Peer 1: 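The structure's right below; bear with me while I get my questions together.
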Amino acid sequence: MEIKIKQVILRHLQMELKSPFATSFGTFRNKEFILVEAIDEDGVSGWGESVAFSFPWYNEETVKTNWHMLEDFLLPLLFQAPVAYPQELQQRFSAIRKNQMAKAAIEGAIWDLFAKKQQLPLHKVLGGMKSSIEVGVSIGIQKNVDELLRVIDRYVQEGYRRIKIKIKPGWDVEVVREVRRRFPDIPLMADANSAYSLQDIDRLKALDEFQLMMIEQPLAADDLVDHATLQRQICTPICLDESIHSAEDARKAIQLGSCQIVNIKIGRVGGLTEAKRIHDLCQANGIPVWCGGMLEAGVGRAHNIAMTTLENFTMPGDTAASSHYWEKDIIIPEVVVHDGTIAVPEAPGIGYEVDRRQVDSYMVFAKTYRAQ
Ligand code: OSB
Ligand code: MG
């Protein structure tokens, strides 16, 4: 069964976050992103969501660079020939360097469509075995420690299985100490988003006493070598986020000892095909993985849930409830978290229906591209 894409609609959406999300590299107040709808010859729609932000802070991609890559390079390649399997797209897009988030957005739409054509949920097509997934929550930098403790308390009460706090120089050891004093036993981790260098090794060593599950991406976004040096000198397991763009990166990180855990984000690695490859490689090497987040709306969130059903996603990820981010999400039903778990949907494809009325209400601009 081949998929013949007749048209693709790119929509530029803008959604306001319920509360600002502050990281070491900047603060997000609202979310602009591209929603991809790929429609085949039978009129079936597959959905993908680009996780590129408005600003090139997390990585070099943005909403505009993604639109450019999709319009001028990726969609023409998609229209060139039918797709028998979504895995083919990696090869088809391989002449285009990097731009992983743009590639992942369109690949995600084809994965959804591929699963829908077989009347199967995406998680089954990927080979996932779970009917529910455990999730944690990522908490931005707050205006003071009291506020942070209040926020953590709320999410612990709600049942989230792991709390992640963001750290940066000036908001790290003392803050973690206070959190641990108040919550001695919660599964806790810290994400630095590349805010440190090896010169800060004493600060990073000082975190060893707090039994963090891991420290995420302490050093530079493209680094593997210094992380290996750091890991030899601290007890807290290092988890890499920004440094891992491919299975090749993961192989090198494992070989060098740069990390003990990997955060997998579908967008950062160019799509579900590469994400699964990283998952498999980590599994074969005894490295647990978990699913990161990019403040996704419903479509991206649904893809994350499907991926997290794979066996080696053994640690709770950042896929919090829709209502954690949005007044109203773009899928029906919204993603809900009960006792720190999400029930994996069994409907075909991503398992949630796209709420076209909500999509329209958040839409800034749209353009339709047709196969010749
Ligand atoms: O580093 O994981 C990150 C949000 C934006 C950019 C980078 C990151 C994050 C998060 C939030 O930590 C995860 C989420 O709740 O979606
Ligand atoms: Mg991170």
Side-chain angles (χ1 to χ4, degrees), residues 15 17-33 49-63 100-101 104 133 135-142 148 151-152 155 158 160-168 171 188-196 212-223 227 237-245 253 259 261-269 275 289-305 307-308 315-326 329 334-335 337 340 342:
M15 291 170 70
L17 283 164
K18 268 189 177 174
S19 48
F21 187 78
T23 72
S24 64
F25 58 76
T27 300
F28 298 91
R29 291 199 164 69
N30 52 45
K31 175 96 201 255
E32 272 187 284
F33 64 96
E49 180 178 325
S50 157
V51 298
F53 295 117
S54 316
F55 306 94
W57 292 340
Y58 169 83
N59 73 341
E60 70 287 357
E61 297 183 77
T62 68
V63 173
Q100 282 91 340
M101 291 174 177
I133 60 166
V135 294
V137 62
S138 173
I139 299 173
I141 293 167
Q142 305 294 312
L148 176 63
V151 174
I152 293 175
Y155 293 122
E158 285 182 27
Y160 280 99
R161 298 294 169 101
R162 176 226 67 187
I163 298 293
K164 162 167 143 183
I165 65 169
K166 294 286 196 178
I167 57 169
K168 65 175 183 182
W171 179 268
L188 179 68
M189 61 170 290
D191 185 0
N193 288 108
S194 299
Y196 299 90
L212 297 179
M213 297 169 77
M214 69 195 90
I215 179 168
E216 183 178 349
Q217 196 70 36
L219 309 180
D222 56 358
D223 170 76
H227 278 102
I238 293 177
C239 169
L240 289 177
D241 174 353
E242 284 92 327
S243 287
I244 305 294
H245 308 98
C259 66
I261 299 163
V262 173
N263 163 335
I264 300 182
K265 291 179 180 172
I266 300 168
R268 196 189 66 233
V269 305
V289 303
W290 54 275
C291 179
M294 292 286 280
L295 311 174
E296 287 91 345
V299 169
R301 201 159 294 283
H303 281 275
N304 287 343
I305 292 166
M307 177 175 74
T308 304
M315 294 179 148
D318 281 345
T319 312
S322 294
S323 63
H324 170 61
Y325 308 85
W326 320 113
D329 205 343
E334 298 200 341
V335 173
V337 174
I342 295 172

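Numbers here simply count residues along the sequence, with the first being 1. Computed over heavy atoms, backbone and side chain alike; hydrogens, waters and symmetry mates excluded. In listed order, ligands and their atoms are each counted from 1. Since this is a predicted model, take the numbers as computed values, not measurements.
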Peer 1: At less than 4.0 angstrom from any non-hydrogen atom of Ser138, what atoms of ligand 1 do you find?
Peer 2: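 What qualifies from ligand 1 is 10 (C), 11 (C), 12 (O), 13 (C).
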
Peer 1: What residue and heavy atom of the protein are closest to atom 13 (C) of ligand 1, and at what distance?
Peer 2: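 Going atom by atom, the protein heavy atom closest to atom 13 (C) of ligand 1 ends up being Gly293 O, 3.4 Å.
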
Peer 1: For ligand 1, which is the ligand I care about here, please tell me if Lys164 has any N or O atom under 3.5 Å from one of the ligand's N or O atoms.
Peer 2: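 It does: an N or O of Lys164 is found under 3.5 Å from an N or O of ligand 1.
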
Peer 1: If the cut-off is 2.8 Å, does any N/O/S atom of Asp191 fall short of it from the Mg ion (ligand 2)?
Peer 2: yes

Peer 1: Nearest non-hydrogen contact with atom 2 (O) of ligand 1 belongs to which option: Lys31, Glu296, Gln217, Lys265?
Peer 2: Lys265

Peer 1: For atom 1 (O) of ligand 1, grab the closest protein heavy atom and report residue, atom and distance to one decimal in Å.
Peer 2: Asn193 ND2, 2.7 Å

Peer 1: Please list, chain by chain and in numerical order, all residues satisfying side-chain hydrogen bond (donor to acceptor under 3.5 Å, both in side chains) with Asp329, sequence neighbours excluded.
Peer 2: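 With neighbours one apart ignored, the set is Ser322.
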
Peer 1: Using the ring of each side chain (for Trp, its six-membered ring), is His324 parallel, tilted or perpendicular to Tyr160, with breaks at 30° and 60°?
Peer 2: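 Tilted.
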
Peer 1: Of all the non-hydrogen atoms in the protein, which one sits nearest to atom 14 (C) of ligand 1, and at what distance?
Peer 2: Tyr325 OH, 3.4 Å

Peer 1: Heavy-atom contacts with Asp241 under 4.0 Å: which atoms of ligand 1 show up? List them by number with element.
Peer 2: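 Counting atoms of ligand 1 from 1, those under 4.0 Å from Asp241 are 1 (O), 2 (O), 3 (C).
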
Peer 1: Sort out for me which residue in Lys265, Arg301, Arg161, Lys164 forms a salt bridge (Lys or Arg N to Asp or Glu O under 4.0 Å) with Asp318.
Peer 2: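 Of the listed residues Lys265, Arg301, Arg161, Lys164, the salt bridge (Lys or Arg N to Asp or Glu O under 4.0 Å) partner of Asp318 is Lys164.
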
Peer 1: Hey, is ligand 1 close enough to Thr23 that some N/O pair sits below 3.5 Å?
Peer 2: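 No, no N or O pair falls under 3.5 Å.
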
Peer 1: Enumerate the atoms of ligand 1 whose separation from the nearest heavy atom of Tyr58 is less than 4.0 angstrom.
Peer 2: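 Within the 4.0 Å cut-off of Tyr58, ligand 1 contributes 7 (C).
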
Peer 1: Nearest 0.5 Å, what's the OG1-CD1 distance between Thr319 and Ile305?
Peer 2: 6.5 Å

Peer 1: With a cut-off of 2.8 Å, does Asp241 put an N/O/S atom close enough to the Mg ion (ligand 2)?
Peer 2: yes

Peer 1: Number the atoms of ligand 1 from 1 as they appear, then name those within less than 4.0 Å of a heavy atom of Asp318, with their elements.
Peer 2: 12 (O), 13 (C), 14 (C), 15 (O)

Peer 1: Please test Ile215 against Ile167 for side-chain contact (heavy atoms from CB on, under 4.5 Å), starting from the C-alpha separation and ending with a verdict.
Peer 2: CA-CA 10 Å; Ile215 179 168; Ile167 57 169; 4.1 Å; yes

Peer 1: Can you list the ligand 1 atoms lying under 4.0 Å from a non-hydrogen atom of Glu216?
Peer 2: 2 (O)

Peer 1: So is Phe53 polar-close to ligand 1, meaning N/O to N/O under 3.5 Å?
Peer 2: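 No: no nitrogen or oxygen of Phe53 is under 3.5 Å from one in ligand 1.
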
Peer 1: Name the closest protein heavy atom to atom 4 (C) of ligand 1, giving the residue it belongs to and the distance to 0.1 Å.
Peer 2: Phe21 CE2, 3.5 Å

Peer 1: Rounded to the nearest 0.5 Å, how far does CH2 of Trp326 lie from CD of Glu334?
Peer 2: 11.0 Å

Peer 1: Provide, to 0.1 Å, the distance between atom 16 (O) of ligand 1 and the closest protein heavy atom, together with that atom's residue and name.
Peer 2: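 Here the closest protein heavy atom is Leu295 N, 2.8 Å.
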
Peer 1: Mind checking whether Ser24 and Lys166 have side chains closer than 4.5 Å, heavy atoms only?
Peer 2: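 No, too far: nothing below the 4.5 Å cut-off.
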
Peer 1: With heavy-atom distances below 4.5 Å as the criterion, would you say the side chains of Glu296 and Phe33 are in contact?
Peer 2: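 Glu296 vs Phe33: side chains apart.
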
Peer 1: From Ile165 CD1 over to Trp171 CH2, what is the distance, rounded to the nearest 0.5 angstrom?
Peer 2: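 Answer for the CD1-CH2 pair, Ile165 versus Trp171, is 7.5 Å.
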
Peer 1: Trp57 vs Phe55 aromatic rings, parallel, tilted or perpendicular, using cut-offs 30° and 60°?
Peer 2: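 The arrangement is parallel - the two ring planes meet at less than 30°.
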
Peer 1: Could you list the atoms of ligand 1 found under 4.0 angstrom from a heavy atom of Lys166?
Peer 2: 1 (O), 2 (O), 3 (C), 8 (C), 9 (C), 10 (C), 12 (O)

Peer 1: Between Leu295 and Phe53, is any pair of side-chain heavy atoms under 4.5 Å apart?
Peer 2: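 The answer is yes, as the side chains (C-beta and beyond) meet within the 4.5 Å cut-off.
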
Peer 1: Kindly indicate, with the supporting measurements, whether the criterion side chain to side chain donor-acceptor pair (under 3.5 Å) is fulfilled by Glu242 and Asn193.
Peer 2: CA-CA 8 Å; Glu242 284 92 327; Asn193 288 108; 2.8 Å; yes

Peer 1: If you check every N/O/S atom of Glu216, which is the one nearest the Mg ion (ligand 2)?
Peer 2: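 Output for this pair reads OE2.
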
Peer 1: Are any of the N/O atoms in Asp191 less than 3.5 Å from those in ligand 1?
Peer 2: yes

